[in-house]
Amino acid sequence: MARQLIDQFAAQLPEDRRASVYGGSKVGHEKRTKVLFDHFPDADRLRELAGEIKQHVVENLDTYLPKIEASLIAAGVKVHWAATAEAANKAVLDIMRARGATRMVKSKTMVSEETHLADYLQQNGIDCLETDLGEFIVQIDGDHPSHIVKPIIHKNRREIAQSFERHGLGAYDDDPQTITRRARRFLRKKYLEADVALTGGNFLVAESGRLVLVTNEGNSRFCLAATKTHIAMVGIEKILPRDRDLALLLNLLARSATAQQLTVYTEFIKGPRSSTQPDGPEEMHVILVDNGRTDVLESDCREILRCIRCGACLNVCPIYRQASGHAYRSVYPGPVGAVLSPLLAGKKFPELADLPKASSLCGACNEVCPVNIPIPDLLLRLRNKGKEEGAKIASAGTPPMGGWAVLATQPMLWKTAMMGGKILDVLPEKFVPVPAFRAWTDQRTLPGWRGGVFRKWMRTRETKPRQPTVGP
Amino acid sequence: MNLSNRIRPSGPGRVQLMATCLCDAFYDDVARATVEVLEYLGCTVEFPEGQTCCGQPAFNGGDWANSRKVVRHTVKTFAGDVPVIVPSGSCAAMLFHGAPLEFEKESDHGDVEALGRRAWEVIDFIVNGLGVSTWPGRYDARIAFHRSCHSRGTLTGPAALQLLGSIEGVTVLPFGEAEQCCGFGGTFSVSFPNISGNMGNLKLEHIRAEKPDELVSIDMSCMMHLGGLAEKEGHPIRTRHVVQVMRDALRNAGLLAP
Ligand code: SF4
């Protein structure tokens, strides 16, 4: 029976890769649960509240977008709108060219992964360096992030030391402190040389025009310390209504992502350098990126736009743990990716229509999500979309359901089939002409067939009515 | 999952049993134990003969058009206003959550929702519908309880643990990574055989480390998968449904005829 691409990928994954991903996610998840519920006795109520706030923004985006634009302009920010990935990349390049800039330092942003900004800039003669340690390592390896918070969760210390050695960052040494020190020495020079800093944005507050950035290594602060121009690429769904909403969302984000009370560096940036704010770049640009988001907004999966990219759903997901992020063939892996990637793909939906199948629908992702996204429901809707659009890649391994529906709507046929199933007990497995049956019995036995036994018992037994033993 | 609008019974009375296709085909004793336990509590159990399946296989597979045909049949078969009791967390969730989701844009959405409001997983019904909080009888076993995933967000898991824990002689054993899925997931188990098998074996490893006498759940689908993996490996494990344990506890104490 045909297998799904992600299952094949997982089967071929080298054992030490699986061990890195599995171990990293499991520890991350367990720490998160402990911290969240130790600190907040009713953490689930907080998740619901955060979900309601983000859903409110998603549903009222048409009023929040002009608001955020006005607040940003009032704070001295130049606002750009980018409908597509190409437009977003071009906006960055135009700003760089206008300043005669050729060197950029970058603090991790998933939306720039989405638009493949680094490649685009490289092709246009711009030197673009990732400064988050994990991102830096995937960049020097020509690799891709496999997690949205821990981009190199798939690598162990030895592999990282090897990458450093290959790239002339000193002789092999897998001591984490040495690795960090070497990266720091290399990056410091680059921070000082760069003309432009590019960041993402964790939140953008409509009321005040504040851009909020969180990092654990302080790299975004370093990016902004010596450069003259700051460009932030932000998805249009990242808006929060009020500054006070940050208290809830930042608390949930840090705990869900890395089990911290707060991320080590949390920056609130309101515009470029000014008389009241003497530090930082002279010029600030915010590029508000759509790139398929308004289509998602119009779909029946718009709840996914609540996502704050914490990675908790990846860490808890048993499929992600077995398969690794690279199995998902797109920027966003795991449960959130299985919903978001096919939606953002637009016309290319059929190419990623198998991703929503990569779930046992266990619901663990919904249970941990800090903004309470009903991911399993969205996966199911996308499965139905895949079926209705006839996406071949989605149907691999799914038995056709037409025959079953005929049986299950005609009780006489159903009962006959229940009796007839006994043949499975005597027929050798290899003669059963049902691929799903063979796929099942490849790894598992089936219990003995008992079709009709219960119905007969129910019909023929003597019932002895009893007095009620419990009250209402 | 919204369970706030469900219709609560005023006490034991008439109920309809939805046995599920798995009990129909393989686990007749689970269906029988459900009847015996409900009757012990004073319920009158009716079994609509025309019943087949809850519609879940096609729903999960994305074939909502075929799934809706089966759900419509189920709605017709379980007409009336008495509680519909299901010895399966996932089939119960199909009735009160899945089916309403796939009928959102259909004209008979209301009928489907109405059935959902009457649908109960059996242990949830006993604890939260009938108000039973402890279980009589005796059952000597060290039990690993697998919280089947489709009971997430419902009251079924805590209800089952409460009743199991109250039975004299029962020890419920905690085990590692208990919140993780067993890897069944309906057609997931045949289209993702490698991942499904790994998930199941990981679960079995954690469970075996505690050396339970039996593995108990509220979903025979999880039990079929885990039991089948264990047996194929040559290390079978005894798998049961919570209602079987409850029925046997009554029998052992002479509260129910064998
Ligand atoms: S879907 Fe939820 S859990 Fe997953 S990354 Fe987004 S916010 Fe976090």
Side-chain angles (χ1 to χ4, degrees), chain A residues 1 3-4 6-7 10-11 26 318-319 322-323 357-364 366-367 377 380 383-384 386-387 394 396-399 401-402 404-405 407-409 411 414 418 421 436 439-440 442-451 453-455 457-458 465-472, chain B residues 10-12 19 23-28 31-32 35 39-42 44 47 49-50 52-53 57-64 66 69-70 73 101 130-132 149-150 152-153 177 179-181 183-185 187-199 224-225 227-229 231-232:
Chain A
M1 180 138 207
R3 270 161 61 175
Q4 285 279 335
I6 289 183
D7 194 61
K26 177 173 175 289
I319 319 305
Q322 290 290 340
K357 290 274 179 142
S359 168
S360 60
L361 300 170
C362 72
N366 174 220
E367 199 172 89
D377 289 359
L380 282 157
R383 288 180 186 189
N384 184 45
K387 169 79 188 166
T398 304
M401 295 292 171
W404 161 86
L407 275 184
T409 45
W414 180 266
M418 276 294 148
W440 175 270
D442 210 28
Q443 295 185 78
R444 314 164 191 87
T445 58
L446 264 187
W449 192 267
R450 306 273 297 171
V453 178
F454 171 71
R455 287 174 186 254
W457 176 80
M458 202 65 195
R466 283 178 50 96
Q467 287 303 307
T469 53
V470 288
Chain B
S10 55
C23 288
D24 212 352
F26 298 109
Y27 300 105
D28 56 302
R32 181 176 161 173
V35 174
E39 284 181 350
Y40 170 80
L41 292 169
T44 308
F47 181 79
E49 274 281 328
T52 55
C53 171
F59 172 65
N60 287 1
D63 186 352
W64 289 12
N66 272 317
K69 288 183 197 160
V70 177
H73 171 74
L101 188 71
L130 298 179
V132 175
C149 291
H150 280 103
R152 279 178 208 269
E177 288 186 75
E179 90 288 351
Q180 287 269 304
C181 172
F184 173 62
T187 55
F188 173 81
S189 62
V190 296
S191 50
F192 290 74
N194 163 63
I195 296 179
S196 165
N198 285 355
M199 286 164 68
M224 181 165 95
H225 166 65
L229 277 172
E231 190 174 276
K232 190 94 179 184

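Order of the sequence lines sets the chain letters (A, B, ...), proteins ahead of strands, with each chain counted from 1. Computed from a prediction, not measured in an experiment: that's the story for all the values here.
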Would you mind checking which part of B/E231 comes under 4.5 Å of any heavy atom in chain A, side chain (CB onward), backbone (N, CA, C, O), both or neither? both
Does a side-chain heavy-atom distance below 4.5 Å link B/F188 with B/S196? yes
Heavy-atom distance under 4.5 Å to chain B: side chain of A/E367, backbone, both or neither? side chain
Cut-off 4.5 Å, heavy atoms of chain B, and the answer for A/L407 is backbone
Spacing of CH2 belonging to A/W404 relative to NZ belonging to B/K69, to within rounding of 0.5 Å: 10.0 Å
Relative to chain B, which segment of A/W457 carries a heavy atom at a distance below 4.5 Å: side chain, backbone, both, or neither? side chain
Name the option with the most non-hydrogen atom pairs under 4.5 Å to chain B; the candidates are A/A405, A/G451, A/A408. A/A408
Most chain B-contacting option - heavy-atom pairs closer than 4.5 Å, from A/G421, A/C362, A/G386: A/C362
Is B/V70 in contact with chain A via its backbone, its side chain, both, or neither, using a 4.5 Å heavy-atom distance? both
Considering residues at least two apart in sequence or located in another chain, which fulfil the salt bridge (Lys or Arg N to Asp or Glu O under 4.0 Å) criterion with B/E177? A/R321
Between B/A19, B/A58, B/C181, B/G197, the one whose heavy-atom pairs under 4.5 Å with chain A are most numerous: B/A58
B/S189 versus chain A, the contacting section by heavy-atom distance below 4.5 Å: both
When you look at B/F26 and A/L446, which way does the side-chain contact (heavy atoms from CB on, under 4.5 Å) test go after all the steps? CA-CA 9 Å; B/F26 298 109; A/L446 264 187; 4.1 Å; yes
Under 4.5 Å heavy-atom distance to chain B, tell me which part of A/A10 shows up: side chain, backbone, both or neither. both
Tell me, for A/N366 versus chain B, whether the close heavy atoms (under 4.5 Å) come from the side chain, the backbone, both or neither. neither
Would you say that B/I195 contacts A/I6 through its side chain, given a criterion of any heavy-atom pair below 4.5 Å between the two side chains? yes
So do the side chains of B/K232 and A/Q443 get within less than 4.5 Å of each other, counting heavy atoms only? no
Side chain, backbone, both or neither: which part of A/A358 has an atom under 4.5 Å from a heavy atom of chain B? both
Under 3.5 Å side-chain donor-acceptor pair for A/K357 and B/S191: no
Measure distances from B/L101 to the heavy atoms of chain A and classify the residue's part below 4.5 Å as side chain, backbone, both or neither. side chain
Applying a strict 4.5 Å limit to non-hydrogen atoms, the region of A/Q322 in contact with chain B is side chain
Classify the ring geometry of A/W440 against B/F184: parallel below 30°, tilted from 30° to 60°, perpendicular beyond 60°. perpendicular
Taking the side chain as every heavy atom from C-beta outward, state whether A/R383 and A/L361 have any pair of such atoms under 4.5 Å apart. yes
Applying a strict 4.5 Å limit to non-hydrogen atoms, the region of A/W414 in contact with chain B is side chain
Count the heavy-atom pairs under 4.5 Å between each of B/W64, B/F47, B/F59, B/Y27 and chain A, then report the option with the highest count. B/W64
By salt bridge (Lys or Arg N to Asp or Glu O under 4.0 Å), A/R450 pairs with (sequence neighbours left out) B/D28
